[in-house]
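Chain A is the first sequence line, chain B the second, and so forth, proteins listed ahead of strands; every chain is numbered from 1.
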There are 2 protein chains.
Amino acid sequence: MQQLLAHLKTFYQLSAEAELVLKDCFEEIILAKNEFLVKEGKVCRHLYFLQQGALRGFYNLDGKEITHWFGFENDFVTSFHSFTTQQPSVENIQLMEGCILWAISKDTLTGLFNRYHEIERLVRIAYEKYYIRLEERYVNAHFKTAGERYESLLLHTPHIVERVPLGFISSYLGISQETLSRVRGRL
Amino acid sequence: MQQLLAHLKTFYQLSAEAELVLKDCFEEIILAKNEFLVKEGKVCRHLYFLQQGALRGFYNLDGKEITHWFGFENDFVTSFHSFTTQQPSVENIQLMEGCILWAISKDTLTGLFNRYHEIERLVRIAYEKYYIRLEERYVNAHFKTAGERYESLLLHTPHIVERVPLGFISSYLGISQETLSRVRGRL
DNA sequence: TGCTGGTTTTGACAATAGTCAAAAAATAAC
DNA sequence: GTTATTTTTTGACTATTGTCAAAACCAGCA
């Protein structure tokens with residue numbers, strides 16, 4: 001909990017008052033490697049703060065698992081579309097390592113929005129950050145060759161390469177595992 | 001102006017009070033085809049509502065123009081990264097048709113956030129929508145073949161195909177103009 | 001009607017990436 | 001330390017897409 005609050009204070013200017021309020025709104029969750037945080041077809045009703053561990057978001061396409069994002073320490077994670085719209089999730093979230101998470105329900109969060117302008121602001125700012133991140137990722141992914149994408153990953157997010165099996169990384173980069181292996185051989 | 005307010009009322013539950021406030025915060029801008037709304041290297045200080053017309057966001061990569069998004073009627077547009085961080089823009093926004101826009105400055109918007117919780121909420125909700133849209137676009141773009149991407153464009157956003165020159169569309173899909181032409185030939 | 005500039009298509013060939021199958025390497029299990 | 005099991009790499013071949021150059025198409029307009 002301390003880590004979540006510290007993160008919010010550092011990156012979102014959380015006030016002492018809001019801190020007191022938030023303290024009681026999150027619930028600790030501990031899950032083991034390979035367990036699912038969200039399953040496709042189910043509505044995702046929580047937003048999670050990832051204190052410790054690593055996980056991935058993926059969906060199934062023609063029997064293949066397509067990993068399209070990763071989460072690590074200090075990330076807020078959820079099945080975004082499902083959490084926002086309260087429609088069944090199209091994606092799965094699975095742990096790549098044992099994780100410690102803090103969960104807040106959509107209802108609790110909505111209640112906080114109504115009572116505390118500051119907390120809605122905090123989320124608005126989080127959206128800005130995550131939007132920019134996604135936009136960068138989009139441009140990177142879409143307009144570069146397999147080799148360039150991997151090099152960009154090494155440069156900008158080396159922790160992904162260090163902690164994630166290559167099978168997930170190739171999927172994340174939108175290339176086959178074999179091509180990734182060859183790209184790595186060339187470097 | 002009516003159109004902007006109507007859009008906000010319909011899709012963002014804008015209250016009558018907030019409507020009165022917002023009315024005076026936007027400035028009308030009329031620009032001709034091919035003019036630039038944002039130029040790379042300059043800080044983008046405004047958020048725009050596109051009342052009429054069509055435009056594109058693009059950046060330069062090895063001397064080539066990469067179009068990575070389009071804007072149409074009722075879209076909020078800006079050089080997102082630049083507007084948020086107030087760093088120089090890496091992208092250009094150019095009009096594909098003559099446009100009518102309504103501009104609000106970052107400072108004005110920030111002032112509104114401080115005074116009206118409801119307006120910050122409105123923007124928070126806008127972020128949600130735009131984030132989901134981008135996420136869908138990301139998945140579509142990244143994990144499908146050239147043909148599938150074009151078909152998906154036809155299916156989900158046919159107005160793009162109708163109003164945008166093929167050269168921009170191919171760039172948007174991340175494929176060459178020739179490949180797009182051949183894909184179209186096959187359908 | 002016939003230029004003119006731009007856009008779109010076609011053709012030939014090269015480069016890139018995917019697929020399937022098997023080998024090698026790395027982990028985990030006993 | 002020796003098996004299993006999983007992950008990663010390699011090889012041969014195929015499919016997809018890109019590149020360059022030329023042709024066709026399509027306005028707008030003298």
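A ring-centre distance under 6.0 Å is not found for A:Phe49 and A:Phe26.
A:Asp75 places a side-chain N or O within 3.5 Å of a backbone atom of A:Phe72 that can act as its donor or acceptor partner. Of the possible polar contacts, one joining the A:Gln94 side chain to the A:Asn34 backbone as a donor-acceptor pair under 3.5 Å is found. The backbone N or O of A:Cys44 lies less than 3.5 Å from a partner atom in the side chain of A:Gln86, making a donor-acceptor pair.
If you walk DNA chain C from 5' to 3' and mark each nucleotide with an atom closer than 4.0 Å to a heavy atom of chain B, the marks span C:dT8 to C:dA12.
Rounded to whole Å, the distance from CG on A:Leu180 to P on D:dT7 is 15 Å. Whole-Å rounding puts the A:His142 NE2 to D:dT17 P distance at 12 Å. Between the P atom of D:dG18 and the CD1 atom of B:Ile66 lies a distance of 11 Å, rounded to the nearest Å. The interatomic distance linking A:Met96 (CE) with D:dT7 (P) rounds to 13 Å, in whole Å. B:Arg184 has its CZ atom 15 Å from the P atom of D:dC25, to the nearest Å.
Residues meeting the ring pair (Phe, Tyr, Trp, His ring centres under 6.0 Å) test with B:Phe11, sequence neighbours left out: B:His7.
Overall, the helix from C:dT1-D:dA30 to C:dC30-D:dG1 carries an axis bend of 30° between its ends, with five pairs at each end and the value rounded to 10°.
Each ring-ring contact (aromatic ring centres under 6.0 Å, His included) pair with one or both residues in residues 83-122 of chain B, not counting sequence neighbours, appears once here: A:His117-B:His117. Identified under the salt bridge (Lys or Arg N to Asp or Glu O under 4.0 Å) test for residues 171-184 of chain A, with sequence neighbours left out: none.
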Exercise. List the steps, then state whether ring-ring contact (aromatic ring centres under 6.0 Å, His included) holds for A:Tyr131 with B:Tyr130.
Key: CA-CA 8 Å; A:Tyr131 190 93; B:Tyr130 280 76; 7.2 Å; no
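For B:Thr67 and B:Arg56, the side-chain atoms include at least one donor-acceptor pair closer than 3.5 Å.
At most 12 non-hydrogen atoms from other residues, nucleotides or ligands lie less than 6.0 angstrom from NZ of A:Lys39.
Considering B:Tyr59, B:Phe58, B:Phe80 as possible partners of B:His68, the one that fulfils the ring-ring contact (aromatic ring centres under 6.0 Å, His included) test is B:Tyr59.
The side chain of A:Arg182 lies closest to D:dA12, out of D:dT19, D:dA12, D:dT8.
At a non-hydrogen distance threshold of 4.0 Å, B:Gly174, B:Ile175, B:Ser176, B:Glu178, B:Thr179 from residues 169-179 of chain B come into contact with DNA chain D.
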